[in-house]
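Note: hydrogens, waters and symmetry copies are ignored here, and every other heavy atom, side chains too, is used. Only a predicted model underlies this, so the values are computations on that prediction, with no experimental measurement involved.
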Amino acid sequence: MHRRTIPILTCFDDNYVIPAAVAFRTLAVHADPAHQYLVYVAHSGIGAVHQARLKAEVANHPAQVELVFVDMANQLSDLFARTDCKGHYSKEMFYKLLAPSLFPQHDAMLVTDVDVLFQGDVSR
């Protein structure tokens, strides 16, 4: 079987580290060891301690799941400040819209949130 890289994007801030840990662990538990899962985390300020904790959640599983933290340095803050209907959303939600320009090396990418529990492998 051909080993594929499965690119995944999620966007959040320090306030969502705990749900992200759960989501990443369920991804790793169900991941097919025949593939590599490359999880990009677009963020504005997830500290080094939290990054290390999240990386620990995907370590020691048969599948290779790698977390790549992409510091967006508060990009789009001005757009978010002008947005009237924010509800419970953070500015990181807008980072999803930048996926094609941030990751042109990928033809397709799974975009997910941190409130997801993976119940199976996503490689298909």
Side-chain angles (χ1 to χ4, degrees):
M1 178 182 228
H2 172 48
R3 184 176 179 88
R4 289 186 308 154
T5 297
I6 312 298
I8 301 169
L9 173 64
T10 186
C11 309
F12 60 96
D13 62 22
D14 237 10
N15 295 310
Y16 295 91
V17 168
I18 291 173
V22 174
F24 295 161
R25 179 176 281 256
T26 62
L27 173 71
V29 164
H30 296 292
D32 182 346
H35 304 298
Q36 175 187 10
Y37 299 78
L38 189 55
V39 181
Y40 295 101
V41 178
H43 69 94
S44 293
I46 297 176
V49 170
H50 283 155
Q51 288 184 28
R53 286 181 181 159
L54 290 169
K55 286 182 178 182
E57 290 297 331
V58 299
N60 303 319
H61 290 280
Q64 183 179 354
V65 179
E66 179 183 354
L67 301 183
V68 177
F69 291 88
V70 181
D71 187 350
M72 300 297 289
N74 289 311
Q75 288 185 34
L76 305 179
S77 292
D78 57 336
L79 174 63
F80 189 70
R82 294 191 316 262
T83 301
D84 292 331
C85 55
K86 296 173 190 154
H88 64 280
Y89 299 105
S90 66
K91 71 180 166 295
E92 285 76 17
M93 71 173 181
F94 287 117
Y95 297 159
K96 295 173 188 177
L97 302 173
L98 300 176
S101 61
L102 290 173
F103 310 105
Q105 69 273 30
H106 299 295
D107 294 331
M109 176 177 273
L110 176 65
V111 179
T112 186
D113 290 317
V114 295
D115 60 352
V116 172
L117 295 177
F118 294 94
Q119 295 183 342
D121 177 48
V122 299
S123 66
R124 285 175 256 143

Trainee: Under 4.5 Å between any side-chain heavy atoms of Tyr37 and Val58, yes or no?
Mentor: no
Trainee: Quick one: closest heavy-atom pair of Ala63 and Ala28, and the distance?
Mentor: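 Scanning both residues completely, I find the closest heavy atoms to be CB-O, 4.5 Å.
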Trainee: Please identify each residue that fulfils side-chain contact (heavy atoms from CB on, under 4.5 Å) with Pro62, with sequence neighbours left out.
Mentor: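 Once residues adjacent in sequence are excluded, the partners of Pro62 under the side-chain contact (heavy atoms from CB on, under 4.5 Å) criterion are Pro33.
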Trainee: Which residue pairs pass the salt bridge (charged side-chain N to carboxylate O under 4.0 Å, His left out) test when at least one of the two sits in residues 56-65, sequence neighbours left out?
Mentor: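 Of all non-adjacent pairs touching residues 56-65, those that pass salt bridge (charged side-chain N to carboxylate O under 4.0 Å, His left out) are Arg25-Glu57.
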Trainee: With ILVMFWY side chains joined below 4.5 Å, transitively, what does Val22's cluster contain besides itself?
Mentor: Leu117
Trainee: Between atom CG of Leu9 and atom OG1 of Thr112, what is the distance when rounded to the nearest 0.5 Å?
Mentor: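 Atom-to-atom, Leu9:CG and Thr112:OG1 are 9.5 Å apart.
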Trainee: Could you pull out all residues at least two apart from Ser123 that satisfy side-chain hydrogen bond (donor to acceptor under 3.5 Å, both in side chains)?
Mentor: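 Asp121.
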Trainee: Should the pair Phe12 and Phe24 be assigned to parallel (<30°), tilted (30 to 60°) or perpendicular (>60°) ring geometry?
Mentor: tilted
Trainee: Which heavy atom of Ala23 sits nearest a heavy atom of Phe118, and at what distance?
Mentor: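 Between these two residues, the closest heavy atoms are O-CD1, 3.4 Å.
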Trainee: Could you check if a side-chain atom of Phe69 sits within less than 4.5 angstrom of a side-chain atom of Leu54, using non-hydrogen atoms only?
Mentor: yes
Trainee: Taking all heavy atoms of Ser44 and all of Met72, pick out the closest pair and write down the distance.
Mentor: OG-CB, 4.2 Å
Trainee: For the NE2 atom of His50 and the CG atom of Asn15, what is their distance to the nearest 0.5 Å?
Mentor: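 Reported value, rounded in 0.5 Å steps: 9.5 Å.
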Trainee: With the side chain counted from C-beta on, respond yes when Asp71 and His43 share a heavy-atom pair under 4.5 Å apart, and no when they do not.
Mentor: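 The answer is yes; the side chains approach within 4.5 Å.
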Trainee: Considering residues at least two apart in sequence or located in another chain, which fulfil the side-chain contact (heavy atoms from CB on, under 4.5 Å) criterion with Ile18?
Mentor: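 Ile18 satisfies side-chain contact (heavy atoms from CB on, under 4.5 Å) with no other residue.
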Trainee: Among all residues two or more places apart in sequence or in another chain, which pass the side-chain hydrogen bond (donor to acceptor under 3.5 Å, both in side chains) test with Gln105?
Mentor: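 For Gln105, the residues satisfying side-chain hydrogen bond (donor to acceptor under 3.5 Å, both in side chains) (neighbours in sequence not counted) are Tyr40.
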Trainee: Identify which one of Val41, Leu38, Val122 satisfies the side chain to side chain contact (heavy atoms under 4.5 Å, CB included) criterion when paired with Ile8.
Mentor: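 That would be Val122.
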Trainee: If I take atom CG from residue Leu110 and atom CD1 from residue Ile6, how far apart are they, to the nearest 0.5 angstrom?
Mentor: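 One finds 9.0 Å between CG of Leu110 and CD1 of Ile6.
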Trainee: Quick check for you: to the nearest 0.5 Å, what is the distance between Glu66 atom CD and Lys55 atom NZ?
Mentor: 7.5 Å
Trainee: Any chance you could measure Asp32, atom CG, to Arg124, atom CZ, to the nearest 0.5 Å?
Mentor: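 Asp32 atom CG to Arg124 atom CZ measures 8.0 Å (nearest 0.5 Å).
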Trainee: Between Ala108 and Pro7, what is the shortest heavy-atom contact and its length?
Mentor: O-CG, 3.2 Å
Trainee: Keeping to residues at least two apart or across chains, list the salt bridge (charged side-chain N to carboxylate O under 4.0 Å, His left out) pairs with something in residues 106-119.
Mentor: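 Salt bridge (charged side-chain N to carboxylate O under 4.0 Å, His left out) check on residues 106-119 returns Lys96-Asp113.
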Trainee: Applying the 4.5 Å side-chain criterion to the ILVMFWY set and letting contacts propagate, would Val29 and Leu27 be lumped into a single cluster?
Mentor: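 No.
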Trainee: Which residues satisfy the side-chain hydrogen bond (donor to acceptor under 3.5 Å, both in side chains) test with Gln51, sequence neighbours excluded?
Mentor: none
